[in-house]
Amino acid sequence: MLKSDKYEIVSELARRRGFFWPSYEIYGGASGFITYGPLGTLLKQKIEEKIRNFLIRPLNILEMESSIITPAKVFEASGHVKAFREPMVECLKCNQRFRADHLLQEQTGLSDTQTEKLNLHELGKEIITHRIKCPECEGKLSLPRYFMTMFKTTIGPYSKEVGYGRPEAAQGIFVEFKRLYETNREKLPLGIIQMGHALRNEISPRQGPVRLREFNIADLEFFFDPENPKCSKLKEITNTTLHLIPAPLKKKEGKKAIEVTVKEALQKAYIKTEWQAYFMVLAKHLLSELGIPADKQRFIEKLPWERAHYSAQGYDQEIYFNRWGWTEISGHNYRTDYDLRQHMKHSGVDMRVFKKHEKPITVRRRVLEPVLTEIGPVFKNNASKVIALLSEANAEEVEKSLDQNGYYIAGSFKILPIHVKITYKEVEETGRRFIPHVVEPSFGIDRLVYAALEFAYDQQKDRVVLRLPREIAPIQVAVFPLVSKDGLAEKAKEVYVMLREGGFMAEYDEAGSIGRRYARADEVGIPLCITIDYQTLENKTVTIRERDSWKQTREKINALVESLQDYLNCKANFADIGDAIEK
RNA sequence: GCGGUCGUAGUCUAGUCUGGUUAGGACACUGGCCUCCCAAGCCAGCAACCCGGGUUCAAAUCCCGGCGACCGCACCA
């Protein structure tokens, strides 16, 4: 019991009592995968339910599920195929590995954007011509090769079609955006959430449930009109405070979070969009509900070069873990219209939404008309893609390019002057078309599960009490006969069956002394224990014992279901149910 | 991937250096006895040398490889 490390203690408890453990142990284990046991599965479900209550209900957000295996095209479009790989070189002398592009930048002064353009072959050439050496031992370097952090597979037997395991659930939402938008009867703002597994082939997954190769993610994509970015719920949260470390502060030594109201954070542009601020507040509340105190939470802004390729502004929500210090638990990114625009470009499907003006307005403007009789024969199968691209193109830009270059590039297609007609037109505009912008809160569910356990872990007089908030406790109530004779066990089983049928996750235990059974129940965080004693046989009452206070109260059996419901849903305190027993 | 440390029941551990009885103990768990409210007691039981190869008459012990854990490097979009 003198272990210093909370992670070890909590993992040991998790393994012993069936919350989670490393997978495939009988075959020696496989790093980066965990198995949820019965209690862990329940806890995870309860946490997912909390996410639903907190994020979905207030805004009528829709939930969906898409597949994990995804055709390569999707991640080529989204930019992941390029961004999820790193060119690595290895020192042939000391075997250390480095990012090839970083070394090149450091030793030649080339810029980020310059090295980004280079492919593997070109990187290798540059390394040779600039005589790049190992920064540690000055040894010779190997040729660069890519380390791909997406799982790659083929789809179908004998097939050459490449698929990837999704590294985030978000793309499933973007890809299906049109249908989802129609399902929601074409209303904005629109929030879609997806919870499920995602895969990342981490180089060295450690830290148990905090860093996995297959993990559970909750991605919420919230689509809104960039010309109307007002958050309708802002009033409710404007005075809520957040612990923030905005980018400028982050660079300073001894960075420390500032506590600011949402109002101030928006005024000072620490947070760029109102909706993002709103979701950050929800995320803070969600974590508090899981038992994580406010002073162990903070939001830290990502510096431009730390951000994901799709992100215009990003905050990580972090939790202070006993072992690892500040650790990311959720990411809040302003993805702008990046993803929908990419999918529009690559698929040729128009991802724009149409919004009516209050009154139609008449404008005289340059109009571009694709000449279908010319485009059809030339582009054949791609014709509809070309037309979609042209309909989104700016007429003035196209005209300028045709004048200057004699052609215009739409996506990957070369448009010649005969393909389009550009005229002035009086157009009556009944509305406008635009690509919605997106803010995304994204939670690591496994980390939430672990965090709930770590913060619930407590010791009381040499024994473990898991102080899980009652709403997420996997087992809600335990039923014990005080002793297992004189008919008490039979009566206790009756009460147990009644509670299970009444919808509670209940457990029955008659093994060992009553104190031992209380201790066992405390260890897995059961909030209430019901004990059937001799008085029960006389007047049909039982004792209820509260995990956190060890106080007891007496309640009638026929009032039990209602009292327990009230307590477990936080509608009543322990003092409000039954008749307190004085000691 | 690299380097370092390590791997004995569910958990903690003795044994490993110096190869040699049936791998010992504690806690937990299961069954029984007992038990009128916080891990009491008694009896019985279940249960382990990470995997593979080598050396040897003999390997938990020595050697090699693999897997896993932890720490450091790198990585974490």
Side-chain angles (χ1 to χ4, degrees), chain A residues 1-3 5 7-9 11-18 21-33 37 75 78-86 88-91 93-99 102-103 135-136 142 145 147-150 167-168 200-208 210-213 302 305-311 314 316 323 327-328 331 333 444 460-465 480-486 488 510-523 529-537 542-547 550-552 554 581 583:
Chain A
M1 273 293 143
L2 279 170
K3 282 235 185 88
D5 185 10
Y7 165 71
E8 260 176 56
I9 299 168
S11 306
E12 194 259 306
L13 173 69
R15 195 162 48 225
R16 196 157 41 77
R17 299 304 304 265
W21 55 81
S23 300
Y24 313 115
E25 278 176 312
I26 66 162
Y27 287 108
S31 192
F33 304 94
F75 292 120
S78 69
H80 285 82
V81 170
K82 271 199 178 147
F84 260 73
R85 61 182 190 185
E86 318 289 353
M88 305 286 284
V89 286
E90 194 171 340
C91 172
K93 203 165 135 199
C94 70
N95 289 329
Q96 295 223 55
R97 301 178 106 215
F98 308 92
R99 284 277 297 271
H102 287 181
L103 282 188
E136 293 296 315
S142 73
R145 61 194 173 95
F147 184 85
M148 167 71 119
T149 45
M150 281 199 291
E168 57 168 11
R200 296 182 191 183
N201 203 357
E202 299 283 352
I203 296 174
S204 71
R206 289 174 189 175
Q207 313 167 343
V210 169
R211 195 163 180 75
L212 294 167
R213 290 193 166 119
K302 292 212 155 190
W305 55 88
E306 294 172 329
R307 284 201 297 258
H309 60 281
Y310 49 70
S311 174
D316 279 348
R323 178 180 198 137
T327 305
E328 179 185 355
N333 282 295
Q460 193 72 34
K461 294 185 182 168
D462 283 352
R463 60 196 231 196
V464 174
V465 182
F480 310 141
L482 184 58
V483 295
S484 54
K485 59 179 185 185
D486 300 327
L488 293 183
E510 60 170 56
S513 71
I514 189 72
R516 176 180 289 265
R517 284 175 270 159
Y518 284 145
R520 271 199 289 257
D522 285 345
E523 200 184 39
C529 294
I530 309 285
T531 303
I532 277 65
D533 53 25
Y534 287 97
Q535 213 179 321
T536 310
L537 302 178
V542 297
T543 62
I544 309 177
R545 174 258 196 196
E546 189 183 37
R547 176 195 68 200
W550 294 10
K551 283 188 179 148
Q552 298 193 334
R554 253 201 124 74
I581 298 171
K583 272 208 169 172

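In this text, all values refer to a predicted model and were calculated from it rather than measured experimentally. Keep in mind that the numbers below use all heavy atoms, side chains included, and drop hydrogens, waters and symmetry copies. In the text below, chain A, chain B and the rest are named by the order of the sequence lines, each starting its count at 1.
The CZ atom of Phe33(A) sits 11 Å away from the P atom of A69(B) (whole-angstrom rounding). Atom CD in Gln552(A) sits roughly 12 Å away from atom C1' in C36(B) (whole-Å rounding). In this structure, CH2 of Trp21(A) is placed 18 Å from C1' of G68(B), rounded to the nearest angstrom. Put simply, CG on Leu212(A) is 15 Å from C1' on A69(B), counting in whole angstrom units. Atoms CD (Glu510(A)) and P (G32(B)) sit 8 Å apart, rounded to a whole Å. Atom CD1 of Ile26(A) is separated from atom P of C51(B) by 12 Å (rounded to the nearest Å). Atom pair Glu8(A):CD and C12(B):C1' shows a separation of 12 Å (rounding to whole Å applied). One can place CG of Asp486(A) at 13 Å from P of C33(B), the figure rounded to the nearest angstrom.
The base of C37(B) is not paired with the side chain of Arg517(A) by any donor and acceptor separated by under 3.5 Å. Contact of Arg200(A) with C76(B) (side chain to base): no donor-acceptor pair of N or O atoms is detected under 3.5 Å. Between the side chain of Asp533(A) and the base of C37(B), at least one donor-acceptor pair of N or O atoms lies under 3.5 Å. Judged by distance alone, with hydrogens and angles left aside, Glu202(A) brings no side-chain donor or acceptor close enough to the base of C76(B) to form a pair under 3.5 Å.
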### Task
Show the numbers, then the answer: is there a side-chain contact (heavy atoms from CB on, under 4.5 Å) between Asp522(A) and Arg545(A)?
CA-CA 11 Å; Asp522(A) 285 345; Arg545(A) 174 258 196 196; 2.8 Å; yes
### Task
I would like to know whether Cys529(A) and Tyr518(A) meet side-chain contact (heavy atoms from CB on, under 4.5 Å); could you show each step before the answer?
CA-CA 7 Å; Cys529(A) 294; Tyr518(A) 284 145; 3.6 Å; yes
### Message
Pair Arg554(A), Gln535(A) - check side-chain contact (heavy atoms from CB on, under 4.5 Å), show working.
### Response
CA-CA 10 Å; Arg554(A) 253 201 124 74; Gln535(A) 213 179 321; 3.3 Å; yes
### Query
For Thr536(A) and Thr531(A), what are the C-alpha separation, side-chain angles and deciding distance, and is it a side-chain contact (heavy atoms from CB on, under 4.5 Å)?
CA-CA 9 Å; Thr536(A) 310; Thr531(A) 303; over 6 Å; no
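Ring geometry, His80(A) versus Phe75(A): the interplanar angle exceeds 60°, so the pair is classed perpendicular (tilted spans 30 to 60°).
Using a 4.0 Å heavy-atom criterion, one finds that Thr543(A) contacts the bases of the nucleic acid, with or without backbone contacts as well. Heavy atoms of Ser31(A) sit under 4.0 angstrom from primed sugar atoms or phosphate atoms, though from no base atom. Here Ser484(A) lies in heavy-atom contact (under 4.0 Å) with a base. Lys461(A) comes within 4.0 angstrom of no nucleic acid atom, judged by non-hydrogen atoms across all strands. Heavy atoms of Arg17(A) sit nowhere under 4.0 angstrom from any nucleic acid atom. Using a 4.0 Å heavy-atom criterion, one finds that Arg307(A) contacts the sugar-phosphate atoms exclusively.
C29(B) and A69(B): their P atoms are spaced 28 Å apart (whole Å). A gap of 9 Å separates the C1' atoms of A40(B) and U35(B), to the nearest Å. Spacing between U5(B) and G65(B) at atom P, rounded to whole Å, works out to 14 Å. Nucleotides G7(B) and G45(B) have their P atoms positioned 31 Å apart, rounded to a whole Å. When the C1' atom is used for both G24(B) and U8(B), the distance is 11 Å, rounded to whole Å. Here the separation of A48(B) from G25(B), taken at their C1' atoms, is 13 Å to the nearest Å. Separation of the C1' atoms belonging to C57(B) and G19(B) is 12 Å when rounded to the nearest angstrom. Rounded to whole Å, the separation between the P atoms of G41(B) and A58(B) comes to 47 Å.
The side chain of Arg520(A) has C29(B) as its nearest neighbour among C70(B), C29(B), C76(B). Side-chain proximity of Tyr534(A) to the nucleotides A39(B), G10(B), C36(B) is greatest for C36(B). In this structure, the nucleotide among C38(B), U11(B), U35(B) sitting nearest to the side chain of Trp550(A) is C38(B). Of the candidate nucleotides G68(B), C71(B), C75(B), C75(B) has the atom nearest to the side chain of Arg211(A). Of all nucleotides listed (C71(B), G68(B), A39(B)), A39(B) comes nearest to the side chain of Arg516(A). Of all nucleotides listed (G10(B), C36(B), C38(B)), G10(B) comes nearest to the side chain of Arg16(A). Relative to the side chain of Tyr7(A), the nucleotides A40(B), C70(B), C75(B) differ in distance, and C70(B) lies closest. For Ser513(A), the side-chain atoms get nearest to A40(B) when compared with the rest of A40(B), A39(B), U11(B).
For Tyr24(A), the OH atom counts as loosely surrounded, since its 6.0 Å shell holds 12 or fewer non-hydrogen atoms of other residues, nucleotides or ligands.
Nearest-nucleotide assignment on RNA chain B puts the 5′-proximal partner with Gly512(A), out of Glu523(A) and Gly512(A). Positionally, the nearest nucleotide of RNA chain B for Lys485(A) lies more toward the 5' end than for the other of Lys485(A) and Glu546(A).
Look at Thr149(A) and you won't find any side-chain N or O under 4.0 angstrom from OP1 or OP2 of C75(B).
Stems are defined here as 3 or more consecutive Watson-Crick or G-U wobble pairs with pairing distances under 3.5 Å; those involving RNA chain B are B:1-7 with B:67-73, B:10-13 with B:24-27, B:29-33 with B:41-45, B:50-54 with B:62-66.
Side-chain contact between Lys82(A) and His309(A): absent, with no pair of heavy atoms (C-beta onward) separated by less than 4.5 Å.
The minimum heavy-atom distance linking Ser311(A) with Asn333(A) is given by the pair OG-OD1, 2.7 Å.
Listed by chain and residue number, nothing satisfies the side chain to side chain donor-acceptor pair (under 3.5 Å) test with Thr149(A) (two or more places apart in sequence, or in another chain).
In this structure, Tyr518(A) does not count as stacked on the base of C37(B) under the 5.5 Å centre distance and 30° plane angle limits.
Here the straight-line distance linking atom CD1 of Ile532(A) with atom OG of Ser484(A) works out to 13.0 Å at 0.5 Å rounding.
Geometrically, Arg517(A) engages Phe480(A) in a cation-pi contact, judged by NZ or CZ lying under 6.0 Å from the ring centre and within 45° of the ring axis.
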